[in-house]
Amino acid sequence: MTNALTLSHDQAEAYDTITELLRGVGVDLDEGSLRPPQQSKLALAAVLGKAGSGKTLLLAELVKALEAAGVDLVSGDYEGKRRKDRRTLAILAPTNKAASVLRMRGVPATTIHRIIYTPVYDPEYERIAEWLLGNGDKPEIEGLTEEALARAQAFYQVHKSVPGALAAAGLRGSDFITGWKRRDEPLDIGFVDEASMLDDRQFDDLKEIFPTLVLFGDPAQLAPVNQSGSMVFDAMPAPAKLELSRVHRQDADSPILDLAHALADPALGFEDFERMVEDTAKRDDRVVWGQRVEVDLMARSPVLVWRNATRIRLINAFRQVHGAPEDALLEGEPLICDGIELPLKHRKKRLDLEARGLIKGAQVIYLGPGRKPGFSRLHVIGAEDPRVSAASIVKVEKPDEEEPFIPYAARMGATFLHGAAVTIHKAQGSQWENVQVFAPDLYAAARMGRVEAGQPLWKRLAYVAITRASERLYWVVRNRLARPSHPLGTEDLVAAPVALTLEAQEEGAA
C-alpha cells in the first residue's frame, strides 16, 4: 500500500480498515472505482487517539484518496444537482473554530450545523453555481458582466466557496440565497472530527444523514456536559473502534505533548506534575511558568479555567485594566456566542445568523456598534466570511452578582458572554497558538478529589487545557494580572478575501 510510506503502523492499519469499510459501500480506494450508493444499513467506525497521535493526518490522507477516486466533496454552502450515481464526502466539525483548524491544514471542513441546514438558492444564480462546479456552460445573467463572472470563477478556483465566488462577482447573500431548510434527504459519506464533543442528539442527526460515518475523536478529553461522562463512541463495538497509540511528535519534538501524555501515569500527582511543568519551562521556551496572567493574550485567546467564579473574576479584571466603561464595550473585546434568542416566527433569521457562524460557543470579536439600535458589528473567529452585523444582547457577568450587566441589548437576537476567559469544557474543539491555563483552579479540582470516567478530574482538565496550545503553553500559578502593553484594537483581524459589507447586511436584516 503506497500510504504505508507516510503512515505509521497503527495509522496504516486504521487506513486499511476504513478502506475495507468504504469498499463495502461501493468506494474502492485501491482501484479508484465507484459504484452507485445502494447500502441499507449504517456503516460506522471511529478513529480514536490522544493529541499528536495522527488523527488529522489520517483524515487528510483518506480525503485525498477519496477525491482521487472521484468522490465529490460536499460543503455547507452549495451541493449541486443530485445524480443517482454520484458519491459524496462531507468533512464536519462541531464548531466553526474546530472546522477552521482543519481548513488551515488543507482539509475543506464545515460545521455540522451547515450540513443539517442547507441554503436555498435563487434559480437564476444557481446557474452560476452549477457552472462553477463544472456542471454547465457559462450563463448569461442580467446585470453581471463578463468581468464579474471571471472574478467569480477566479475566486472559486482558489477558495472552493460558491457564496464567496458570488460575492466576488458583486452580489450580496440576500441576492442569491432565498432561505434555509433542514435537510430532508440523506447524504453519503461523513467524516466527523472532534467527535468527543458530540452529544447523543447530534449523533442521531448525523446517523440519519450519513449511511457511512467515520468519527475521529480523543477519548482523553472531557465528555459533553449533558452526557454523564460518556462519549458517543464509547458504546460502539470494539471492532469499529480503531486506536492510534503512537504519538507523532513535531519535527523539533513537542514539550506540550510530552506534558499532556505524562498525565496518563496513574501514579502522577498534581504537585509532581507542576514540578514537571516548571522543569520543562527551564529548558524549553514553548512552556512558560507564569507568575501572572498575561492580559495582552486574553484579547484573542481566553484564559482557560475550571471554576465559573474564576472566569467571571478574570473577565472583570481584564475590562478594568483596559479602562473599559461599564455601559459599553471597547472595539476589540472578545465575546462568546451563547445562543440566539429569537421567536419561532423568525426562524429564517435565526438560520441566517447560525449559517454565518453565530452558533453557541462561537468566538467573536466586537468591532463596534451597528448603524441600527441594538446592532453590533462582529468578527466571527474561524468563519469563512467572518464579518457580521447582528442584533445583539451582550451580557457581562459580575462577581458576587446574580444578574449580569447588559451594555447592549436588542429586544431579540444573538446573545453573547465575554470571552477573555472561558471554562476548559467550552474550550474543547478549539486551538490557539498561545494558551494560558489557570493552574490554581486545577489545584482546587485536585484537592477535591473528583473523578470522571475513572480518572482524576484535574488530569482530564489539564489534558484538555494543555492540548489547546499549538505553539506555546503558559502555566499560570498565581492569581495576578499583568498590565496591557497596548490598547485593544482590531487591526490584527483579517477579513475573508471577499466579505459582504456590514452595511448591506444591516439593510438586509431590516
Side-chain angles (χ1 to χ4, degrees), residues 67 70-92 96 99 103 106-111 113-185 187-188 348-349 351-357 380 383-389 495-509:
E67 279 195 282
V71 174
D72 292 339
L73 293 183
V74 172
S75 71
D77 57 33
Y78 188 76
E79 284 179 34
K81 292 198 176 359
R82 291 185 166 271
R83 300 193 312 267
K84 284 175 66 175
D85 60 343
R86 184 186 185 210
R87 303 307 305 264
T88 64
L89 166 69
I91 304 115
L92 313 173
N96 287 289
R103 289 197 298 271
V107 179
T110 189
T111 61
H113 185 276
R114 286 293 296 268
I115 285 296
I116 292 175
Y117 292 96
T118 60
V120 178
Y121 276 64
D122 182 288
E124 184 81 352
Y125 299 110
E126 193 170 22
R127 292 163 55 207
I128 304 178
E130 288 295 322
W131 164 62
L132 292 171
L133 268 65
N135 298 331
D137 297 329
K138 183 194 288 188
E140 290 185 11
I141 306 291
E142 186 177 349
L144 283 185
T145 64
E146 286 285 321
E147 290 78 10
L149 289 174
R151 287 198 306 272
Q153 187 177 39
F155 182 96
Y156 184 77
Q157 287 171 348
V158 175
H159 300 284
K160 302 300 183 191
S161 167
V162 170
L166 294 175
L171 298 168
R172 296 187 314 214
S174 55
D175 292 330
F176 55 83
I177 294 179
T178 60
W180 299 82
K181 66 173 184 177
R182 186 179 172 94
R183 180 179 300 284
D184 52 12
E185 294 183 2
L187 281 170
D188 191 356
K348 179 180 179 294
K349 189 61 195 169
L351 294 177
D352 286 342
L353 291 174
E354 289 174 339
R356 295 297 309 283
V380 184
E384 292 175 85
D385 185 10
R387 298 298 172 98
V388 179
S389 183
V498 176
L500 304 181
T501 67
L502 296 171
E503 290 79 8
Q505 290 174 35
E506 288 185 31
E507 287 166 10

Legend entry - Non-hydrogen atoms of Gly136 and Trp131 that approach each other most closely: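 What the structure gives for the nearest pair is O-CD1, 3.4 Å.
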Legend entry - Residue pair Ile91 / Pro108: nearest heavy atoms and the distance that separates them: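 Nearest pair, atom of Ile91 first, then Pro108: CD1-O, 3.9 Å.
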Legend entry - With sequence neighbours excluded, residues passing salt bridge (Lys or Arg N to Asp or Glu O under 4.0 Å) with Glu67: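 With sequence neighbours excluded, Glu67 shows a salt bridge (Lys or Arg N to Asp or Glu O under 4.0 Å) to no residue whatsoever.
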Donor-acceptor contacts under 3.5 Å from residues 147-155 side chains, at least two apart:
| unit_1 | atom_1 | unit_2 | atom_2 | d |
| --- | --- | --- | --- | --- |
| Glu147 | OE1 | Thr145 | OG1 | 3.3 |
| Arg151 | NE | Ala168 | O | 2.9 |

Inset, instruction - Taking the side chain as every heavy atom from C-beta outward, state whether Leu73 and Thr88 have any pair of such atoms under 4.5 Å apart. - result: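 They are not in side-chain contact.
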Inset, instruction - Give the intermediate values and the outcome of side-chain contact (heavy atoms from CB on, under 4.5 Å) for residues Asp188 and Val74. - result: CA-CA 10 Å; Asp188 191 356; Val74 172; over 6 Å; no
Legend entry - Residues in side-chain hydrogen bond (donor to acceptor under 3.5 Å, both in side chains) contact with Glu146, at least two apart in sequence or another chain: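 Residues passing side-chain hydrogen bond (donor to acceptor under 3.5 Å, both in side chains) with Glu146: Lys138.
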Legend entry - Sole candidate of Ile141, Leu132, Asp137 that passes side-chain contact (heavy atoms from CB on, under 4.5 Å) when paired with Arg127: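 Going through Ile141, Leu132, Asp137 one by one, the side-chain contact (heavy atoms from CB on, under 4.5 Å) with Arg127 is satisfied by Ile141 alone.
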Inset, instruction - Rounded to the nearest 0.5 Å, what's the gap from CG on Asp72 to CG on Leu133? Could you check? - result: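 Answer for the CG-CG pair, Asp72 versus Leu133, is 8.0 Å.
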Inset, instruction - Hey, could you give me the CG/OH distance between Leu144 and Tyr125, rounded to the nearest 0.5 Å? - result: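 Reported to 0.5 Å precision, the distance equals 6.0 Å.
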